[in-house]
Amino acid sequence: MIDYAELNQFLYEGKAKKVVEIVQQALDDGIPVSEVLSEGLIAGMAVLGEDFKHNILYVPEVLIAARAMKSGLNALKPYLSEEDKKDKKGVIVIGTVKGDLHDIGKNLVSMMSEGAGYEVYDLGVDQSFEQYYEAAVKYKADIIGMSALLTTTMPYMKTVIDKFKESDLPNMKFVVGGAPINKEFADEIGADGYGADAASTVEVLNRLMAAV
Ligand code: B1M
């Protein structure tokens, strides 16, 4: 039996080793990956987010917890990929936009997209139009995925889309997501899809690829 409250607490305290141990045990016990992810890891990060917002926690503690989250996600990764292995469905270049260093949600979207059969090139954080564009050319991308967690960096998504439209890749498709992003914003900036979470982003990718 997995104790999600305990897992959430270890994540909150940034105890990476404990997080990995419990995640691994849960997976060995046959608990579904999606349940461990949502109840154990994402739920723990949600509590952390609230306390960060209310100045109960500060950047150093959040960084340590984020490291524990990444370790937990890495433990889940092989199982995520096993869940839905198919032929490569398309090429996705993904990154967090310029000025933004948040990467946990983006990593999750990368992993789940890869697990769902996409060829994913994850550029990391702080990505400029030039970097997305170069990668799009190099890897022959079908879709660019952009993540933003800050209200100050989300407008840069529109800059990237506009610059692609002016480039020699005017028909590039875009999927955007991140905590401050919603469907209205995605439509407003001309994105082709909005992902509320990693699982629904895969559905959005599937829909876009079906239309190509
Ligand atoms: Co930051 N931070 N942070 N932070 N941080 C937020 C985003 C914030 C909401 C916290 C708060 O005040 N409540 C706030 C933003 C406020 C705003 O913009 N209005 C904030 C702030 C202010 C800051 C700093 C400015 C703090 C400071 O320095 N004073 C600073 C900025 C640094 C920078 O980027 N330049 C900063 C720094 C940091 C840390 C480095 C300490 C750390 C990041 C570590 C890391 O990522 N490696 C951090 C963290 C961890 C957070 C919170 C607590 C958690 C984010 C997270 O990982 N969530 C966050 C609070 C919150 O969001 N509630 C906060 C878990 C993750 C699984 O969810 O990323 O939403 P999320 O991803 C989801 C969906 O959004 C979606 O799918 C994911 C999975 O379901 N999704 C996509 C995400 N990307 C997608 C892309 C897609 C599709 C779906 O398509 C391509």
Side-chain angles (χ1 to χ4, degrees), residues 8 11-12 14 16 19 33-34 36-74 76 80 90-116 118 120-127 132 135-136 141-157 160-161 172-183 185-186 189 191-208:
N8 294 167
L11 182 76
Y12 186 95
V19 167
V33 184
S34 52
V36 181
L37 179 62
S38 60
E39 304 293 316
L41 299 179
I42 293 183
M45 283 306 282
V47 179
L48 190 95
E50 276 306 299
D51 285 359
F52 187 32
K53 183 166 145 191
H54 295 108
N55 295 324
I56 296 167
L57 286 179
Y58 295 95
V59 171
E61 291 104 312
V62 177
L63 263 180
I64 294 167
R67 224 174 289 147
M69 173 81 175
K70 279 190 190 176
S71 305
L73 286 178
N74 282 337
L76 283 182
L80 282 173
V91 178
I92 316 294
V93 162
I94 189 168
T96 302
V97 295
K98 194 160 102 176
D100 200 322
L101 305 177
H102 296 83
D103 66 355
I104 295 171
K106 183 263 301 160
N107 293 347
L108 200 46
V109 172
S110 286
M111 279 182 208
M112 293 200 62
S113 308
E114 210 174 334
Y118 287 93
V120 178
Y121 295 94
D122 188 338
L123 306 181
V125 297
D126 194 22
Q127 294 298 303
Y132 285 112
D142 295 304
I143 298 174
I144 302 284
M146 291 189 279
S147 180
L149 265 287
L150 299 172
T151 46
T152 48
T153 57
M154 56 193 264
Y156 191 71
M157 290 174 158
V160 174
I161 295 174
M172 182 57 70
K173 301 248 176 281
F174 298 91
V175 175
V176 295
I181 312 298
N182 57 30
K183 172 88 172 65
F185 177 76
I189 63 172
D192 303 276
Y194 158 67
D197 54 41
S200 63
T201 304
V202 171
E203 287 164 23
V204 173
L205 295 176
N206 291 344
R207 180 173 51 75
L208 288 179

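Read the numbers this way: they start at 1 and go in the same order the structure lists the ligands and their atoms. What you are looking at is a predicted structure, and each value in this text was computed from that prediction instead of being measured.
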Only heavy atoms of G49, strictly under 4.0 Å: list the atoms of ligand 1 that pass. 13 (N), 53 (C), 60 (C)

Applying a heavy-atom cut-off of 4.0 Å, say which part of A179 lies close to ligand 1: side chain, backbone, both or neither. both

Proximal protein heteroatoms (N, O or S) of atom 1 (Co) of ligand 1, under 2.8 Å: H102 NE2

Does only the side chain of M146 get under 4.0 Å from ligand 1, or the backbone, or both, or neither? Count heavy atoms. backbone

Run N74 and S71 through side chain to side chain donor-acceptor pair (under 3.5 Å) and show every step you take. CA-CA 5 Å; N74 282 337; S71 305; 5.8 Å; no

Is there a side-chain contact between L208 and F174 in this structure, where contact means two heavy atoms from C-beta onward sitting under 4.5 Å apart? no

Closest to atom 18 (O) of ligand 1 among L205, I64, T151, V204 (heavy-atom distance): T151

Go through the steps for I181 and M157 under the test side chain to side chain contact (heavy atoms under 4.5 Å, CB included), then give the verdict. CA-CA 10 Å; I181 312 298; M157 290 174 158; 3.8 Å; yes

Indicate yes or no: at least one non-hydrogen side-chain atom of L108 is less than 4.5 angstrom from one of L41. no

Under a 4.0 angstrom heavy-atom cut-off, which atoms of ligand 1 come close to V175? 90 (O), 91 (C)

In terms of atom number and element, which parts of ligand 1 are under 4.0 angstrom from non-hydrogen atoms of A66? 44 (C)

Within a distance of under 4.0 Å, is there any protein heavy atom near atom 15 (C) of ligand 1? yes

With heavy atoms of G145 as the reference, note each atom of ligand 1 found under 4.0 Å away. 91 (C)

Given the rule in the side chain to side chain donor-acceptor pair (under 3.5 Å) test, do D100 and Y156 qualify, once you have shown the distances and angles that lead to the verdict? CA-CA 10 Å; D100 200 322; Y156 191 71; over 6 Å; no

Tell me which protein heavy atom sits closest to atom 58 (N) of ligand 1, plus the residue, atom name and distance to 0.1 Å. M45 CE, 4.2 Å

The protein heavy atom nearest to atom 40 (C) of ligand 1 is L63 CD2, 3.7 Å

Find the distance between CG (L123) and CE (M146) and round it off to the nearest 0.5 Å. 11.5 Å

Quick one: does L73's side chain get under 4.5 Å of L37's, heavy atoms only? yes

Measuring to protein heavy atoms, does anything land under 4.0 Å from atom 8 (C) of ligand 1? no

Determine whether Y118 and D142 satisfy the following criterion, side chain to side chain contact (heavy atoms under 4.5 Å, CB included), listing intermediate values before the conclusion. CA-CA 10 Å; Y118 287 93; D142 295 304; over 6 Å; no

Which of the numbered atoms in ligand 1 are below 4.0 angstrom from a heavy atom of D100? 34 (O)

Judging by distance only, is a nitrogen or oxygen of S147 under 3.5 angstrom from one on ligand 1? yes

Hey, are the side chains of E61 and D51 touching, using non-hydrogen atoms and a 4.5 Å cut-off? no

Tell me which donor-acceptor pairs under 3.5 Å the side chains of residues 63-70 have, and how far apart each pair is, sequence neighbours excluded?
residue: K70; atom: NZ; partner: D103; partner atom: OD1; Å: 3.3
residue: K70; atom: NZ; partner: D103; partner atom: OD2; Å: 3.0

Output the list of atoms in ligand 1 that are nearer than 4.0 Å to some heavy atom of V109, sorted by atom number. 77 (O), 82 (C), 85 (C), 88 (C), 89 (C)

Heavy-atom donor-acceptor pair, T96 side chain to H102 backbone, under 3.5 Å: yes

If you define the side chain from C-beta out and look only at heavy atoms, does anything of V204 sit under 4.5 Å from Y194? no

Polar contacts were defined as any N/O atom of the residue lying under 3.5 Å from an N/O atom of the ligand; does this apply to I94 and ligand 1? no

Is there a side-chain contact between L149 and K106 (heavy atoms, below 4.5 Å)? no

Suppose I only count heavy atoms of A198 and a 4.0 Å limit; which atoms of ligand 1 are within that range? 77 (O), 79 (C), 80 (O)

Any idea which of N107, L108, I104, V47 brings a heavy atom closest to atom 79 (C) of ligand 1? L108

Do M172 and D192 touch side chain to side chain, with heavy atoms closer than 4.5 Å? no

Would you say that L11 contacts M45 through its side chain, given a criterion of any heavy-atom pair below 4.5 Å between the two side chains? yes

What residue and heavy atom of the protein are closest to atom 85 (C) of ligand 1, and at what distance? G177 C, 3.4 Å

Using heavy atoms and a 4.0 Å limit, tell me yes or no: is G178 in contact with ligand 1? yes

Minimum distance, heavy atoms only, to atom 71 (P) of ligand 1: which one of G195, G105, G95, G99 is it? G105

Write out the residue and atom name of the closest protein heavy atom to atom 13 (N) of ligand 1, then the distance separating them to 0.1 Å. K53 CB, 3.2 Å

Does ligand 1 have a heavy atom under 4.0 Å from the side chain of A196, from its backbone, from both, or from neither? backbone

Is there a donor-acceptor pair closer than 3.5 Å between any side-chain N or O of E50 and the backbone N or O of V47? no

Exercise: identify the closest heavy-atom pair between Y58 and F52: C-CE1, 4.1 Å

Any N/O of D103 closer than 3.5 Å to an N/O of ligand 1? yes

Considering heavy atoms of the protein only, find what lies nearest to atom 34 (O) of ligand 1 and give residue, atom and distance to 0.1 Å. L101 N, 2.6 Å

Numbered atoms and elements of ligand 1 in range of T201, under 4.0 angstrom, heavy atoms: 88 (C), 89 (C)

From CA spacing to verdict: side chain to side chain contact (heavy atoms under 4.5 Å, CB included), S113, I94: CA-CA 10 Å; S113 308; I94 189 168; 5.8 Å; no

